[in-house]
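Presented below is the structure to which this report refers.
Here the structure is a predicted model, which means the values were calculated and not measured. Here is the naming used below: chain letters follow the sequence lines, and residue numbers restart at 1 for every chain.
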Amino acid sequence: MTNLEAADVFRRIAYLLEIKGEAIYRVLAYRRAADAIQELGRDLHDIWEQGELQKIPGVGKAIAEKIDELLRTGKLEYYEKLAAEVPPGLVEVLAVGDVGPKKAARFWKELNITSVDELEKAAQEGRLRELSGMGAKSEARILENIHALREQRTDRMLLGKAEQVSEQLLERLRGLKGVVQAEAAGSLRRFRETVGDLDLIVGAKNSGTVLEAFIQFPEVARTLGQGDTKASVELHDGTRVQVWVHPPEHFGSAWQYATGSQAHNVRLRELAQKRGLSLSERGFKTEQDDDITCAKEVDVYAALDLPWIPPELREDRGEIRAAQAGELPQLVEVDDLKGDLHAHSDWSDGGASMREMAEAALELGLEYLVVSDHSRSLGVANGLSIERLREQRDEISRLQSEIGDSLKILHGTEVEILADGSLDFPDEVLAELDIVIASLHMSLRQPREVVTERLLRALSNQNVDIIGHPTGRLIGQREPADLDMERIFRAAAEHDVALEINANPERLDLRDVHARLAIEQGCLLAINTDAHHPEHLQFRIFGVGTARRGWVTPDSVLNTWPLDKLQGWLADRKR
DNA sequence: GCCGTTTTCGGCCCGACTGTTTTCAGTCG
């Protein structure tokens with residue numbers, strides 16, 4: 001049973017309890033435990049075997065016992081009893097917008113609806129409006145939301161797309177009369193790997209006119225809701241966007257609120273309560289009902305005696321405790337990156353020449369760029385033969401003398417880790433290169449033991465400097481290889497091999513929680529773009545965002561080092 | 001059901017928006 005499957009059981013329990021009408025805090029407890037299990041980064045089995053289930057935040061005695069039963073037997077009696085009481089199909093009904101536990105329970109008890117199909121049929125037949133408190137409008141909304149669900153218009157989008165769409169809208173918003181400031185908030189600002197809807201926040205006095213203008217933007221297909229301070233719309237491509245408008249004197253608290261995460265905000269509000277304050281997007285209220293406004297985000301944190309907490313850390317993963325103790329990490333920043341250690345050219349499957357790639361790197365102010373084209377076995381990517389690899393070396397020398405000293409081009413390879421764990425080039429060929437990245441692209445579906453051993457074998461090859469996109473996942477398209485990450489981290493630390501945080505928004509691999517575990521084990525990381533076009537070098541912001549979500553500091557990142565230090569490290573390894 | 005530098009029992013965030021209502025419940029973030 002995977003972490004995701006176990007988390008799903010507890011999430012379903014939470015939903016069923018909620019429909020059943022159980023105490024909300026019991027529901028929240030199950031939901032919190034489900035989230036914690038899903039975001040572990042470690043294998044639930046390992047924690048179970050070590051008897052440390054109750055060390056997971058949100059897991060106490062009762063839920064630990066249920067995890068134990070689930071992992072031992074593959075089943076959970078408590079869940080099965082619950083599912084006999086409340087039809088489990090109702091969980092899917094909750095995924096329909098505007099349908100929560102109360103309505104789902106009434107649809108079930110009063111109309112005998114237990115699935116989305118049955119709900120759709122009832123709505124089409126006009127039976128929902130017969131319930132008290134429901135009307136034709138609610139019915140039409142629910143029907144529309146069922147269609148949106150069917151068309152998967154509710155899927156989360158990749159960070160790259162979210163960034164692009166958001167920037168476009170922010171540009172327009174900033175151009176509106178009276179707008180002082182417009183910024184991205186929500187999971188995009190926190191650099192979560194996928195984004196549900198876009199949350200934008202605007203500082204302006206005249207919220208009404210800004211919102212009116214916003215819903216008229218050409219990108220907007222329809223308005224889902226609009227009030228005094230916020231509007232919610234759907235764009236032509238199905239992207240959902242929420243815009244909040246607050247007066248500039250509230251901008252800080254509003255931005256903080258809209259950035260989330262929800263769990264982080266709940267913690268802050270609890271802290272506020274303990275001080276006799278109430279925190280909302282409008283700032284603080286004292287017990288005497290006096291307002292404390294926050295024009296800047298730092299004001300919100302300062303009122304709680306906390307330093308400003310970077311958005312990427314705001315996930316209720318210990319950041320508030322660290323802030324209270326004055327132990328927030330000094331996170332890596334984009335400007336810390338001195339080079340990119342993984343890029344492709346048209347020698348293999350890249351879309352640009354080495355010169356074009358180098359010029360793009362120069363423009364970003366990088367000190368060095370590694371050209372690391374694919375190796376011979378990756379036919380689909382036009383992998384290089386040994387002969388062509390050596391020709392490429394000569395070509396790089398020529399290019400280097402042409403462009404001068406401001407950018408050092410290093411010759412590397414992204415060498416295939418073959419199905420048996422051997423590498424696609426012999427050791428003597430790898431030894432000729434400046435730097436070697438070893439990656440998995442093929443046979444990713446091998447059993448855990450096999451694929452883990454395969455990566456461990458590559459890690460122990462003394463020519464290997466970096467493991468590229470370690471798990472091989474493609475977000476939303478291809479599951480990660482079933483690796484024992486803790487063994488990988490231990491081996492990487494032992495052999496002093498860096499693990500990549502691949503910055504391509506389709507990969508983000510290592511992911512945030514893995515990066516955090518890796519540095520705790522003493523691993524070195526490398527934040528690389530894996531660029532196949534000059535513009536892909538910009539992906540580094542997503543890699544840095546992911547690293548920051550993993551509490552990564554610059555000293556753990558190989559490519560924050562200046563060229564001479566990097567070359568020193570590489571030379572030491574060759575000995 | 002979980003949790004504790006005020007607690008091992010008694011708490012557990014806060015407000016906007018919508019639809020159906022004459023004052024509010026439900027949903028969402």
Practice problem: Please determine if Arg189(A) forms a cation-pi arrangement with Trp255(A), meaning its NZ or CZ atom is less than 6.0 Å from the six-membered ring centre and no more than 45° off the ring axis. | Solution: yes
Self-check item: Atom-to-atom span, CZ of Arg26(A) to C1' of dG10(B) - whole angstrom
Solution: 16 Å
Self-check item: Nearest to side-chain heavy atoms of Lys102(A), which nucleotide of dC2(B), dG26(B), dC13(B)
Solution: dG26(B)
Quiz item: Using a cut-off of 4.0 Å on non-hydrogen atoms, how would the nucleic acid contact of Ile24(A) be classed: base, sugar-phosphate, or nothing?
Solution: nothing
Exercise. Output yes when Arg190(A) and Glu312(A) qualify as a salt bridge under the 4.0 Å nitrogen-oxygen rule, no when they do not.
Key: no
Quiz prompt | Opposite nucleotide pairing with dG15(B), Watson-Crick or G-U, both atom distances under 3.5 Å | solution = dC28(B)
Quiz item: To the nearest 0.5 Å, what is the distance between NE2 (His514(A)) and CG (Leu525(A))?
Solution: 12.5 Å
Practice problem: Please assess Asp291(A) against Thr293(A) for the test side-chain hydrogen bond (donor to acceptor under 3.5 Å, both in side chains), listing each intermediate value before the final yes or no. | Solution: CA-CA 6 Å; Asp291(A) 287 317; Thr293(A) 56; over 6 Å; no
Self-check item: Integer angstrom distance from the C1' of dC12(B) to that of dT6(B)
Solution: 16 Å
Quiz item: When the P atoms of dT20(B) and dG26(B) are considered, how many whole Å apart are they?
Solution: 14 Å
Quiz item: Can you tell me how far CD of Glu506(A) sits from CD of Gln477(A), rounded to the nearest 0.5 angstrom?
Solution: 5.5 Å
Practice problem: Whole angstrom is fine here: how far is it from CD1 in Ile142(A) over to P in dG26(B)? | Solution: 14 Å
Between the protein and nucleotides 3-9 of chain B, which nitrogen or oxygen pairs are less than 3.5 angstrom apart?
unit_1: dC3(B); atom_1: OP1; unit_2: Gly58(A); atom_2: N; d: 2.8

Quiz item: When all nucleic acid strands are considered with a 4.0 Å heavy-atom cut-off, which category describes Ala105(A): base, sugar-phosphate, or nothing?
Solution: nothing
Quiz item: More than 12 non-hydrogen atoms from neighbouring residues, nucleotides or ligands closer than 6.0 Å to CD on Glu270(A), yes or no?
Solution: yes
Practice problem: For Leu268(A) and dC13(B), give me the distance from atom CG to atom P, rounded to whole Å. | Solution: 12 Å
Self-check item: Atom-to-atom span, CG of Leu131(A) to C1' of dG19(B) - whole angstrom
Solution: 14 Å
Quiz item: Do the side chain of Tyr257(A) and the base of dG29(B) come within less than 3.5 angstrom through a donor-acceptor pair of N or O atoms?
Solution: yes
Self-check item: Contact under 4.0 Å: Tyr30(A) side-chain N or O vs dG1(B) OP1/OP2
Solution: yes
Quiz item: Tell me: CZ of Arg31(A) to P of dC2(B), nearest whole Å?
Solution: 15 Å
Exercise. Could you check Arg11(A), Arg26(A), Arg12(A), Arg31(A) and say which one makes a salt bridge (Lys or Arg N to Asp or Glu O under 4.0 Å) with Glu18(A)?
Key: Arg31(A)
Exercise. Take the protein atom CD of Glu315(A) and the nucleotide atom C1' of dG29(B), then report the distance between them rounded to whole Å.
Key: 14 Å
Self-check item: Distance, P atom - from dG15(B) to dG10(B), rounded to whole angstrom
Solution: 27 Å
Pairs under 3.5 Å (N/O, protein and nucleotides 16-18 of chain B):
unit_1: dA16(B); atom_1: OP1; unit_2: Arg282(A); atom_2: NH1; d: 2.9
unit_1: dA16(B); atom_1: O3'; unit_2: Thr229(A); atom_2: OG1; d: 3.1
unit_1: dC17(B); atom_1: OP1; unit_2: Asp228(A); atom_2: N; d: 2.9
unit_1: dC17(B); atom_1: OP1; unit_2: Thr229(A); atom_2: N; d: 2.8
unit_1: dC17(B); atom_1: OP1; unit_2: Thr229(A); atom_2: OG1; d: 3.2
unit_1: dC17(B); atom_1: OP1; unit_2: Lys230(A); atom_2: N; d: 2.9
unit_1: dC17(B); atom_1: OP2; unit_2: Asp228(A); atom_2: N; d: 3.4
unit_1: dT18(B); atom_1: OP1; unit_2: Gln226(A); atom_2: N; d: 2.5
unit_1: dT18(B); atom_1: OP1; unit_2: Gln226(A); atom_2: O; d: 3.1
unit_1: dT18(B); atom_1: OP2; unit_2: Gln226(A); atom_2: O; d: 2.9
unit_1: dT18(B); atom_1: O3'; unit_2: Arg141(A); atom_2: NH1; d: 3.4

Practice problem: Considering only atom P, compute the distance from dG4(B) to dT8(B) and round it to an integer number of Å. | Solution: 13 Å
Quiz item: For the residue pair Ile56(A) and Ala36(A), what are the closest heavy atoms and their distance?
Solution: CG2-CB, 3.8 Å
Quiz prompt | Rounded distance in Å between the C1' positions of dT27(B) and dC13(B) | solution = 16 Å
Practice problem: Please measure how far the C1' atom in dG11(B) lies from the corresponding atom in dC17(B), and state the result in whole Å. | Solution: 29 Å
Quiz item: Under 4.0 Å between a side-chain N or O of Gln262(A) and OP1 or OP2 of dC14(B)?
Solution: no
Quiz item: Which heavy-atom pair separates Ile67(A) from Ile37(A) by the least distance, and what is that distance?
Solution: CD1-CD1, 3.9 Å
Self-check item: Atom-pair distance (CD on Gln256(A); P on dC13(B)), nearest Å
Solution: 15 Å
Practice problem: Would you name the heavy atoms of Tyr30(A) and Ala14(A) that are closest together and state the gap between them? | Solution: CB-CB, 3.9 Å
Quiz item: So which one's nearest nucleotide on DNA chain B is more toward 5', Leu277(A) or Ser138(A)?
Solution: Leu277(A)
Quiz item: Closer to the 5' end of DNA chain B via nearest nucleotide, is it Pro101(A) or Lys285(A)?
Solution: Lys285(A)
Quiz item: For atom P, what is the distance between dT22(B) and dC28(B), given to the nearest Å?
Solution: 23 Å
Quiz prompt | Sugar-phosphate only, base, or nothing, as touched by Gly186(A) at under 4.0 Å among non-hydrogen atoms | solution = nothing
Quiz item: Expressed in angstrom and rounded to an integer, what is the separation of Asp316(A) atom CG from dC12(B) atom C1'?
Solution: 13 Å
Quiz prompt | Shortest non-hydrogen contact between Val96(A) and Asn145(A), atoms and distance | solution = CG1-CB, 3.8 Å
Practice problem: With heavy atoms under 4.0 Å as the rule, sort Ser278(A) into base, sugar-phosphate or nothing. | Solution: sugar-phosphate
